[in-house]
Structure formats: structure tokens, C-alpha cells
Amino acid sequence: SYVVDGELTHGDTMGNRNTISRGHVQYMSAGTGVYHSEHNLGDSTARLLQIWIIPDKKGYKPAYGDYRFNWDDRKNKWLNIVSSKDGDAAIKINQDANFYVVELDEGKEIDFQVGSNRQAYLVQIEGNSTINNLELNERDALEIIEEDILIKADKKSHILVIEMKKQLKW
């Protein structure tokens, strides 16, 4: 879960209980089984992205964690918040996937490379931007397959990209 606004409180049968806020991430692998709950116990409306990734195999032990990223680490540059176990992000998952976030000031540009046999899913969380000549507004999304993109913030923009191995279409 990636919190956009407000707070999210998590509790589970492993004894974890934590509250995260804007720009922070909590992650959980249910693995072989766990009960959990999530609530907005704060005074303001909570807005978040809850993203589910299927692990590379079954049978992992349940796990939970959270990470409080420094907001400035995503200002006009990509911040890798989630990666595979072999990756460099603070949060590591059991899948070949990478999550990146950026807050791009109005008028700024940034590129993102999606290599051969890779794909990505981009979410325009806040603001407006032009991506390879396509206009995206707040809450719009875009699928990217084996293509480099150039993002220009038409308005201050908060963007999430999930990059992963290309999936075969059935």
C-alpha cells in the first residue's frame, strides 16, 4: 500500500501494528496464512494505492513491513521503492518487479526506460503530464511495453511506475 494522503493503520495476527502516512509504503506477504486489517484511524480522508503482486512461487512464510521514505528523495528524480530480492530498493519482494515514484515540478522532464522483454504500468497519482505526446490527468494510467518514455510535468506531478518482465498475452 502506497499512501497518497491521510493515514493507514495495519494490524495482523503476527503482532504487527503500524500507521503510515503520505509517501510511505507498507507491504505484506500473506504466504501460508495470516489475518490482517487496515483502517483509517486518522482525522482526514485517506487515499492510497493498494497494489497486489503475485509472488514467484507459493509457500512463503507470512511477512509484513513498512518503510517511511523521505519525500525529498523523489523530488524530480526516480525513487526505487520496491524491487525483487536481487534489486536495490529498501523493500524487496518475491517477484521480478520494480516500483518507482517521482514528484516532478511543473515544466520539468524525466525519462524512464522500459527495456527489451519488459513492460510497465504508470499511474498519474496527482497533477497532469505529457508522456510521449499523450496527456495524462490525475488518476489516469498507461501501459508501456518495451518503450522508453519522456514525461513532462504540465502541472506538478506525482507518478508511480511498476516495471516488470513482459507477460505473454493469452
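Donor-acceptor pairing under 3.5 Å is recorded for the side chains of Ser1 and Gln50.
Criterion: ILVMFWY side-chain heavy atoms under 4.5 Å apart, direct or through other members. Under it, Phe69 and Ile162 are part of a common hydrophobic cluster. Under the 4.5 Å side-chain heavy-atom criterion for grouping Ile, Leu, Val, Met, Phe, Trp and Tyr, Ile110 is connected to Ile144 within one hydrophobic cluster. Cluster membership check: Val102 shares its hydrophobic cluster with Leu142, using side-chain heavy-atom separations under 4.5 Å among Ile, Leu, Val, Met, Phe, Trp and Tyr. Cluster annotation: Met164 is connected to Val25 through the hydrophobic network of ILVMFWY side chains, with a link wherever side-chain heavy atoms come within less than 4.5 Å. Placement of Ile159 and Tyr100 within a single hydrophobic cluster is found when ILVMFWY residues are connected by side-chain heavy-atom separations under 4.5 Å, directly or transitively.
Side-chain N or O atoms of Glu146 include one that pairs as donor or acceptor with a backbone N or O of Asn117 at under 3.5 Å. Judged by distance alone, with hydrogens and angles left aside, the side-chain atoms of Asn132 form a donor-acceptor pair with the main-chain N or O of Asp148 at under 3.5 Å. The main-chain N or O of Val82 is found under 3.5 Å from a side-chain atom of Asn80 such that the two form a donor-acceptor pair. Checked by atom type and distance alone, the side chain of Arg118 never pairs as donor or acceptor with a backbone atom of Lys166 at under 3.5 Å. A donor-acceptor contact shorter than 3.5 Å is absent between the side chain of Glu135 and the backbone of Asn128.
Expressed to the nearest 0.5 Å, how far CG of Leu150 lies from CD of Glu109 amounts to 4.5 Å. With values rounded to the nearest 0.5 angstrom, Ser37 atom OG is found 7.0 Å from Arg17 atom CZ. In this structure, Asp111 CG and Ile151 CD1 are separated by 8.5 Å, a value rounded to the nearest 0.5 Å. Atoms CD and CG, on Glu163 and Leu122 in that order, are 12.5 Å from each other to the nearest 0.5 Å. To the nearest 0.5 Å, atoms OH (Tyr2) and CG (Leu49) are separated by 8.0 Å. Distance check, rounded to the nearest 0.5 Å: CD1 of Ile93 to OG of Ser84 gives 8.0 Å.
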Determine, step by step, whether His10 and Asn16 satisfy the side-chain contact (heavy atoms from CB on, under 4.5 Å) criterion, reporting the C-alpha distance in whole Å, the side-chain angles of both residues, the deciding distance to 0.1 Å, and the verdict.
CA-CA 7 Å; His10 168 96; Asn16 298 301; 4.3 Å; yes
Stepwise, does the side-chain contact (heavy atoms from CB on, under 4.5 Å) test hold for Thr9 with Glu38?
CA-CA 5 Å; Thr9 299; Glu38 296 169 324; over 6 Å; no
Let me see the working for Arg68 and Ile20 under side-chain contact (heavy atoms from CB on, under 4.5 Å), right down to the final yes or no.
CA-CA 7 Å; Arg68 288 158 172 76; Ile20 58 171; 4.0 Å; yes
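The residues Lys152 and Asp154 are annotated as not salt-bridged, no charged nitrogen and carboxylate oxygen being separated by less than 4.0 angstrom.
Surrounding CG of Leu134 are more than 12 heavy atoms belonging to other residues, nucleotides or ligands, all under 6.0 Å away. Annotation for Asp43: atom CG does not count as buried by contact number, only 12 or fewer foreign heavy atoms lying within 6.0 Å. By the neighbour-count criterion of 12 heavy atoms within 6.0 Å, atom NZ of Lys75 is densely surrounded, having more than that number from other residues, nucleotides or ligands. Counting heavy-atom neighbours within 6.0 Å of Tyr121 OH, excluding the residue itself, gives a total of 12 or less.
Residues Ser44 and Gly6 come closest through the heavy atom pair OG-CA, 3.8 Å. Residues Val4 and Arg22 come closest through the heavy atom pair O-NH1, 2.5 Å. In terms of heavy atoms, Glu126 sits closest to Gln124 at O-NE2, 2.9 Å. Heavy-atom minimum distance, Arg47 versus Ile125: NH2-O, 2.7 Å. Across all non-hydrogen atoms, the minimal contact from Ala30 to Pro62 is O-CG, 3.5 Å. Leu8 and Gln26 make their closest contact through CD2-NE2, 3.4 Å (heavy atoms, listed as atom of the first residue, atom of the second, distance).
Within the 4.5 Å cutoff, the side chain of Leu104 has heavy atoms near those of the Asn76 side chain. At least one side-chain heavy atom of Ser129 sits less than 4.5 Å from a side-chain heavy atom of Leu136. Val114 is not listed as a side-chain neighbour of Glu147, based on a closest heavy-atom distance of 4.5 Å or more. With a 4.5 Å cut-off on side-chain heavy atoms, Ile51 and Ile53 count as touching.
Annotation: side-chain contact (heavy atoms from CB on, under 4.5 Å) contacts of Lys85 (sequence neighbours excluded): Lys92, Asn94.
Taking the six-membered ring where tryptophan is involved, the planes of Phe112 and Trp78 are perpendicular, since the angle between them exceeds 60° and thus also 30°. Using cut-offs of 30° and 60° on the angle between ring planes, the pair Tyr64 and Tyr27 is parallel.
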